[in-house]
Amino acid sequence: MALSDLSPAERHRRIAAGFTDRVRGAKRWDAPAPVAGWTARDVVRHLVEWFPPFLAAGTGIELPAGPGADDDPVAAWETQCAAVQKLLDDPESPQRMLVNPHIGEVPLDQAIDRFYTSDVFMHTWDLARATGQDDRLEPEFCAALLAGMEPMDDLLRSSGQYGPAVPTPDDADAQTRMLGFIGRDPSWTQR
């Protein structure tokens, strides 16, 4: 079943499993990543540092603290991944709301799906490229994310979360076009 056809809990389970595979397969945490100035460790750090405060501010939910990415990036990721999955598996999550001044009131499972799980999906490529692992992403979900982001191009660029788009060929596949849109050079390799 395609990622876009899954519930938020199942989509996170599959996307997080792919990221977890790359985390466990990483050998050099100081390896450069495709995001300027980042290392492989910084990819994990980003995910485990931005989401807990976002969740707490919007819901009052405090995720269990794991070790920091500097101390143990694998355990840092696995602790957060398990906590987010537990939250998504809770049948009450769709009835809870995340409230944020920029996005308004969004059901918790949808907010996690839209802002966090999609971020994990995109950063899977960054970690895979940084660590020399399989960097293929599900093409249908790449296309769905791109279709959802393109109408918000100006807003996304002004947020500071995305760099300038990297031009890609008109006949490029969905993953290449999505990566270029979010400011990644799809041909990036370690130098």
Side-chain angles (χ1 to χ4, degrees), residues 3 8-90 93 96 98-100 102-103 108-109 111-138 141 145 156 159-163 178-179 182-186 188-191:
L3 285 172
E10 287 307 311
R11 189 168 17 260
H12 178 267
R13 190 178 326 283
R14 285 231 330 244
I15 288 172
F19 191 80
T20 299
D21 287 345
R22 275 50 165 225
V23 167
R24 290 177 180 162
K27 303 292 185 237
R28 286 188 46 234
W29 286 105
D30 61 340
V35 179
W38 281 19
T39 64
R41 182 183 313 275
D42 293 321
V43 176
V44 174
R45 180 191 334 277
H46 164 72
L47 292 170
V48 301
E49 289 185 358
W50 83 261
F51 184 66
F54 173 80
L55 182 66
T59 64
I61 296 170
E62 301 276 342
L63 293 177
D70 284 330
D71 298 326
D72 188 343
V74 176
W77 167 253
E78 288 178 341
T79 300
Q80 179 163 299
C81 179
V84 172
Q85 192 63 56
K86 182 178 179 182
L87 190 56
L88 285 167
D89 288 339
D90 181 343
S93 286
R96 296 179 84 167
L98 183 138
V99 180
N100 179 285
H102 303 288
I103 61 173
L108 177 58
D109 64 335
I112 292 171
D113 189 47
R114 191 179 325 160
F115 301 105
Y116 176 72
T117 303
S118 61
D119 201 36
V120 174
F121 179 80
M122 292 183 278
H123 285 300
T124 298
W125 184 84
D126 295 324
L127 185 59
R129 277 290 169 110
T131 57
Q133 299 182 70
D134 182 1
D135 65 2
R136 290 172 296 170
L137 302 173
E138 183 186 278
F141 199 60
L145 284 176
L156 293 174
S159 74
Q161 300 300 311
Y162 297 86
M178 190 256 324
L179 290 168
I182 65 171
R184 302 295 192 277
D185 177 356
W188 184 93
T189 57
Q190 286 200 17
R191 294 162 177 88

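Only this structure's heavy atoms are used, side chains among them; waters, hydrogens and symmetry mates stay out. Starting from 1, each residue takes its place in the sequence as its number. The shown structure was predicted, so the numbers you read here are calculated from the model rather than taken from an experiment.
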Write down the atom of P34, the atom of W188, and the distance for their closest heavy-atom approach. CG-CE3, 3.5 Å
If I take atom CG from residue D185 and atom CG from residue L179, how far apart are they, to the nearest 0.5 angstrom? 9.5 Å
Determine whether H46 and D119 make a side-chain contact, defined as any pair of heavy atoms from C-beta on separated by less than 4.5 Å. yes
To the closest 0.5 Å, what do you measure between CD1 (I182) and CE (M122)? 5.5 Å
Please check if the side chain of R13 supplies one atom and the backbone of Q85 the other of a donor-acceptor pair under 3.5 Å. no
From L145 atom CG to M178 atom CE, the distance as rounded to the nearest 0.5 Å: 6.0 Å
Indicate yes or no: at least one non-hydrogen side-chain atom of I61 is less than 4.5 angstrom from one of L108. yes
Can a donor-acceptor pair be found, under 3.5 Å and without considering hydrogens, that links the side chain of T124 to the backbone of V120? yes
Checking W29 now: which residues fulfil ring-ring contact (aromatic ring centres under 6.0 Å, His included) with it, not counting sequence neighbours? none
State which residues pass side chain to side chain donor-acceptor pair (under 3.5 Å) with R184; sequence neighbours excluded, sorted by chain then number. D126
Measuring from L55:CG to N100:CG, what's the distance to the nearest 0.5 Å? 11.5 Å
Return the CZ to CG distance between F115 and L98, rounded to the nearest 0.5 Å. 8.0 Å
Are V35 and V43 packed together at the side-chain level, in the sense that at least one heavy-atom pair is separated by less than 4.5 angstrom? no
CZ (F54) and CD1 (I112) are apart, to the nearest 0.5 Å, by 9.0 Å
Applying side-chain contact (heavy atoms from CB on, under 4.5 Å) to D134 and R22, what does each step give before you reach the verdict? CA-CA 8 Å; D134 182 1; R22 275 50 165 225; 4.2 Å; yes
Give me the ring orientation class for F121 and F141: parallel if the planes are under 30° apart, tilted from 30 to 60°, perpendicular past 60°. perpendicular
Side chains of residues 76-84: which donor-acceptor pairs under 3.5 Å do they make with residues two or more places apart or in other chains?
{"unit_1": "W77", "atom_1": "NE1", "unit_2": "T20", "atom_2": "OG1", "d": "2.7"}
{"unit_1": "E78", "atom_1": "OE2", "unit_2": "R24", "atom_2": "NE", "d": "2.6"}
{"unit_1": "E78", "atom_1": "OE2", "unit_2": "R24", "atom_2": "NH2", "d": "2.8"}
{"unit_1": "T79", "atom_1": "OG1", "unit_2": "A75", "atom_2": "O", "d": "2.8"}
{"unit_1": "Q80", "atom_1": "NE2", "unit_2": "L47", "atom_2": "O", "d": "2.9"}
{"unit_1": "Q80", "atom_1": "NE2", "unit_2": "Y116", "atom_2": "OH", "d": "3.0"}

Closest approach of P8 and L88, non-hydrogen atoms and distance? O-CD1, 3.9 Å
Of all the heavy-atom pairs spanning P73 and A69, show the shortest one and how long it is. CD-O, 3.3 Å
Shortest non-hydrogen pair, P32 vs Q190, comes out as O-NE2, 3.6 Å
Donor-acceptor pair, T117 side chain versus H12 backbone, under 3.5 Å? no
N-O pairing of R45 and D42 below 4.0 Å: yes
How about R129 and T189: do any of their side-chain heavy atoms sit closer than 4.5 Å? yes
